[in-house]
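Let me begin by presenting the structure, written as structure tokens, before commenting on it.
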Amino acid sequence: FSESRIRSWLSQKGYSNRDIDAAIQAVRPRYAFAREIAHDVPTSPRQLSSYESFKLTQGARDALARLDLYELIDPYERELILERLDQFEGPVGMEELEYLLSWIVCSTRDIEHQQTILNVLNGKRQNVH
């Protein structure tokens, strides 16, 4: 979020300019620090644990790795998906992975991003730039 968007959102909520300025001034050092950390996050995917590797089928592992490598999901979303593996009995295949993605990731994305994710899940590469 940019500072101007935060200011706009706070003013829509009814806060005065003086209160908004005070709030921005209070969080600015933390906000700048968080942005620096975000740029230092490595883009290489982490290794799956033994349990996660066992729980996911080969196709689901490959699809998740492609989504991660194409940066269509962020590390936080990937961890949410991996945390939800326990809700399924038996191995988690492509159908279950697609359900998790639609629930965790696609519910917050526009239709183009959703279509790109589905194409990557199905092994199509024409939409990935």
Run the side-chain contact (heavy atoms from CB on, under 4.5 Å) test against [X] and tell me which residues pass, sequence neighbours left out.
| X | result |
| --- | --- |
| Glu83 | Leu80 |
| Asp21 | Arg7 |
| Ser49 | Tyr51, Glu52 |

Can you list the residues that meet the side chain to side chain donor-acceptor pair (under 3.5 Å) rule with [X], with sequence neighbours excluded?
| X | answer |
| --- | --- |
| Asn122 | none |
| Glu79 | Arg46 |
| Gln58 | Arg61, Asp62 |
| Ser50 | none |

Notebook entry, point to check: When rounded to the nearest 0.5 angstrom, what distance separates CD1 in Ile117 from CD in Glu112?
Noted result: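 With rounding to 0.5 Å, CD1 (Ile117) is 12.5 Å from CD (Glu112).
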Check: Which distance, rounded to the nearest 0.5 Å, do you find between the CD of Gln115 and the CG of Asp110?
Finding: 11.0 Å
Next item on the list: Determine the minimum heavy-atom distance between Lys55 and Leu85, stating which atoms define it.
Entry: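 Of all heavy-atom pairs spanning Lys55 and Leu85, the closest is CE-O, 3.1 Å.
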Check: What heavy-atom pair brings Ile20 and Ser11 nearest, and what distance separates the two atoms?
Finding: CD1-N, 3.6 Å
Check: Is there side-chain contact between Leu56 and Leu82, with heavy atoms separated by less than 4.5 Å?
Finding: yes
Next item on the list: Check whether any side-chain heavy atom of Ile73 lies under 4.5 Å from a side-chain heavy atom of Leu64, and answer yes or no.
Entry: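 Yes - at least one pair of side-chain heavy atoms lies under 4.5 Å apart.
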Using residues 94-102 as the side-chain source, report each donor-acceptor pair under 3.5 Å to any protein atom, sequence neighbours left out, with the distance given to one decimal.
from: Glu96; atom 1: OE1; to: Gly93; atom 2: N; distance (Å): 2.8
from: Ser102; atom 1: OG; to: Glu98; atom 2: O; distance (Å): 3.3
from: Ser102; atom 1: OG; to: Tyr99; atom 2: O; distance (Å): 2.8

Next item on the list: Evaluate whether atom CZ of Phe88 has more than 12 neighbouring non-hydrogen atoms of other residues, nucleotides or ligands under 6.0 angstrom away.
Entry: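 Enclosed.
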Next item on the list: Run the numbers on Leu10 and Asp19 for side chain to side chain contact (heavy atoms under 4.5 Å, CB included), then give the verdict.
Entry: CA-CA 9 Å; Leu10 288 171; Asp19 291 339; over 6 Å; no
Check: Any chain of hydrophobic side-chain contacts (each under 4.5 Å) joining Tyr70 to Tyr76?
Finding: yes
Notebook entry, point to check: Any link between Val120 and Trp103 through a network of hydrophobic side chains (Ile, Leu, Val, Met, Phe, Trp, Tyr) touching at under 4.5 Å?
Noted result: yes
Next item on the list: Using modelled atom types only, decide if a donor and an acceptor are shared between the side chain of Gln114 and the backbone of Cys106 within a distance under 3.5 Å.
Entry: yes
